[in-house]
Amino acid sequence: MSQRRTPDAARPAAARTRKPSGSSKKVEREASEKPWTIEDAAETYGINHWGAGYYSISRRGEVSVDLTDRATGSPHSVSLPKLLEELDARGIRPPLLLRFPRILERRIEELYHGFAKAISDLEYGGMYRGVFPIKVNQQQQVAEEVAAYGRRFHYGFEVGSKPELIAALAYLKDSDALLVCNGYKDEEFIDLALYGQLLGLRVVMVLEMPHELGIIEERSAALGVEPVIGVRVKLSAEGAGKWAKSGGEKSPFGLNLAQLVETVERLRERGRLGWLQMLHCHQGSQIPDLTIIRRAIEETARIYAGLVKEGAPMGLLNLGGGLAVDYDGSRSTRSSSANYSIEEYCHSLVDAVKWVLDESGVAHPTLVTESGRAMVAHYSMLALEILDVNRFENRDELAVNEDDNETLVALAEVARNINADNLLESFGKANRHREELHENFLTGDISLRERAMCEQCYWRAMTDIATETQKLRYVPEELRDLSGLLADQYYGNFSIFQSLADSWAIDCAFPVMPLHRLTERPTRQGVIHDVTCDCDGMIKKYVSGSEVTEALPIHETKENQSYFLGIFLVGAYQETLSDLHNLFGDTHAVSVDVESGRVRFSREVEGDSVSDVLEYVEHEPKKLVEQFRELAETAISEGRITAVQRRKALEAYRNGMAGYTYFES
Ligand code: PLP
């Protein structure tokens with residue numbers, strides 16, 4: 001590991017670990033002199049908020065995960081750096097995804113118990129049945145674990161496509177659990193669902209489009225199976241957060257109320273109203289505000305009551321997903337947060353349904369939810385190693401003399417004289433001089449060396465302005481973006497496109513923090529870049545305290561010492577949304593359990609090799625080797641390499657093909 005630049009003269013450490021604030025120098029000094037504790041680290045990274053009791057910092061200053069012992073049921077704290085050490089000894093190095101099945105199990109329990117408690121406290125007359133939407137994490141292991149851990153609670157699956165249905169049919173062994181079929185359905189989909197029912201599973205086909213009813217009627221007659229159907233409705237209440245458009249009247253999914261009534265009519269006319277047993281709504285994923293959820297649930301409950309009054313047997317009220325994860329730990333209505341707990345969510349849903357149905361004189365149905373994100377987000381985390389650090393700051397003497405280019409001299413003058421009283425003026429002048437020097441370079445009036453010196457003077461000016469800006473109580477608009485300049489670039493061995501798609505695509509904030517050295521004050525601000533050759537290959541949002549910031553408080557790396565970061569709460573959606581940008585493939589994945597007081601790596605999935613990813617994009621490794629061999633043979637015949645060099649080149653090519661796609665040391 002190397003640092004590309006030597007560290008700059010010390011700045012007050014407290015200033016580096018905060019966003020620009022109005023704190024005086026004295027306060028900064030006092031703060032930096034106070035010994036750093038792991039409580040400070042916990043607050044800085046917000047781990048006690050977003051960690052939800054699963055992740056915390058140990059006395060040794062390492063991030064640990066709490067895995068309940070499978071044999072004894074007692075809590076067992078496991079150090080993540082220790083896990084990395086043990087995996088390293090087995091030859092498995094980051095980037096790697098650590099999965100914790102015990103967390104998945106506990107989430108299913110918490111949700112079930114949340115509903116059970118609300119049902120009992122509120123004397124609700126129905127029961128609760130959860131289903132896991134496979135799309136949120138389609139990995140085989142998750143499906144298997146949900147089916148196994150969920151068995152006690154008759155936990156089922158929600159599917160939205162044929163492949164998901166085919167997987168669910170194989171894993172679900174419980175005839176009391178539900179298999180909810182959403183999504184657009186063709187004949188084949190419907191046949192499979194009907195066979196599932198015939199084989200004893202509790203399958204409900206939810207109409208997303210009115211015309212699906214026709215295919216269901218036809219196929220159920222052909223197979224001689226009476227189907228159980230549901231209807232998905234478009235609500236007038238729109239959700240909140242990034243996926244608000246999944247709900248509301250403009251939602252692309254579900255039936256509007258006119259279509260719903262027509263469907264009821266059609267079923268009644270054909271004597272098939274008895275098929276209709278479920279009402280389904282989904283307001284969208286990650287809804288941070290419980291009042292918004294509740295409003296939509298009340299509307300759904302009214303529609304449910306209406307359907308019962310129409311004469312449909314009903315009995316199942318499916319309230320979809322949306323239970324949010326507090327990624328930034330702020331317990332707020334920000335899109336990366338949730339202003340409620342699982343218990344409050346369950347209480348609010350049960351209360352809203354009971355209130356509406358009691359008023360309408362309708363019996364309480366079985367409540368169904370399709371929570372995905374909240375079940376699996378905490379279940380996995382990505383561990384990665386920092387490979388390199390780049391700093392913009394350079395305190396070398398600015399080697400500009402009086403007889404140099406006039407504009408360059410003026411720019412150096414600005415850079416040497418930044419102070420609290422001339423920040424805006426210096427900012428303006430530095431930009432003007434730099435623009436002029438860029439022009440001069442294009443017209444050939446200054447040399448490459450002069451242009452390089454221009455950059456050095458300019459960035460010196462900008463970093464000094466940014467440092468001074470941190471001390472201001474009010475930061476002028478023009479200077480606000482400069483705080484990012486103070487951040488170092490930390491290069492992590494991972495691909496954001498492969499492992500953190502939502503951070504890249506829709507700017508989601510995931511908790512990121514060092515996995516060790518947390519008894520040490522982080523003295524730098526860093527922005528994490530990945531190893532793809534893409535300027536988008538960086539994490540733009542961080543959780544710091546309960547704020548979302550543009551840089552991460554981070555330690556200086558040490559020569560010959562690995563520095564590991566963790567990206568947390570990546571169990572929902574990230575694995576399958578990933579893409580192969582730059583042909584970085586799946587990382588290694590290891591599942592960690594605790595049994596009889598001992599850590600066990602219950603599963604290991606090797607990450608993609610280079611030949612795997614090449615095959616995904618239709619290269620044929622054998623042919624590639626052959627083509628490379630031809631190139632090498634030509635080089636021999638042209639006298640450029642020896643036969644021994646050819647052998648070594650081919651060996652390197654073949655080894656590269658078999659290797660991990662990420663940086664290997
Ligand atoms: N149900 C349906 C129909 C969905 O489309 C989704 C995802 O958007 C979910 C459930 C899962 O939602 P969440 O992950 O917010 O629980």
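Just so you know, ligand 1 is whichever comes first in the structure, and atom 1 is the first atom listed for that ligand.
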*Could you list the atoms of ligand 1 found under 4.0 angstrom from a heavy atom of G372?*
13 (P), 14 (O), 16 (O)
_Close N or O approach (G320, ligand 1; < 3.5 Å)_ = no
*Could you tell me which residues satisfy side chain to side chain donor-acceptor pair (under 3.5 Å) with H49, sequence neighbours excluded, listed by chain and number?*
none
_For F568 and F510, I'd like to know if the aromatic rings sit close, meaning centre-to-centre distance below 6.0 Å._
no
*Of all the heavy-atom pairs spanning S341 and R331, show the shortest one and how long it is.*
CB-NH2, 3.4 Å
*Hey, is ligand 1 close enough to N182 that some N/O pair sits below 3.5 Å?*
no
_If you take the nearest heavy atom of each of M375, E208, E370, which one is closest to atom 3 (C) of ligand 1?_
E370
*Could you list which atoms of ligand 1 come closer than 4.0 Å to a heavy atom of S371?*
16 (O)
_Per-atom contacts, ligand 1 versus Q286 - under 4.0 Å to a heavy atom_ = 15 (O)
*P133 and ligand 1 - part of the residue with a heavy-atom distance under 4.0 Å*: side chain
*Which atoms of ligand 1 have any heavy atom of S285 under 4.0 Å away?*
8 (O), 12 (O), 13 (P), 14 (O), 15 (O)
*For the residue pair Q140 and Y171, confirm or rule out a side-chain donor-acceptor distance under 3.5 Å.*
yes
_Qualifying side-chain hydrogen bond (donor to acceptor under 3.5 Å, both in side chains) pairs, either residue in residues 301-310, two or more places apart_ = R268-E310, R302-E359
*Compute the shortest N/O to N/O distance between Y573 and ligand 1 and return yes if it is under 3.5 Å, no if not.*
yes
*asked:* If the threshold is 4.0 Å, N to carboxylate O, is there a salt bridge linking K541 and E550?
replied: no
_Does any N or O of ligand 1 fall below 3.5 Å from an N or O anywhere on K135, backbone included?_
yes
*More than 12 heavy atoms of other residues, nucleotides or ligands under 6.0 Å from OH of Y195: is that the case?*
no
_Geometry only, no angles: is H282 polar-contacting ligand 1 at N/O separations under 3.5 Å?_
yes
*For E298, look at atom CD and say whether over 12 heavy atoms of other residues, nucleotides or ligands are found less than 6.0 Å away.*
yes
*If you measure from the Lys or Arg side-chain nitrogens to the Asp or Glu carboxylate oxygens, is any gap between E208 and K185 under 4.0 Å?*
no
*Residue R232 vicinity, atoms of ligand 1 by number, heavy atom under 4.0 Å*: 3 (C)
*Using distance alone, determine whether V136 and ligand 1 share an N or O pair under 3.5 Å.*
no
*Taking non-hydrogen atoms only, is R373 closer than 4.0 angstrom to ligand 1 via side chain, backbone, both or neither?*
both
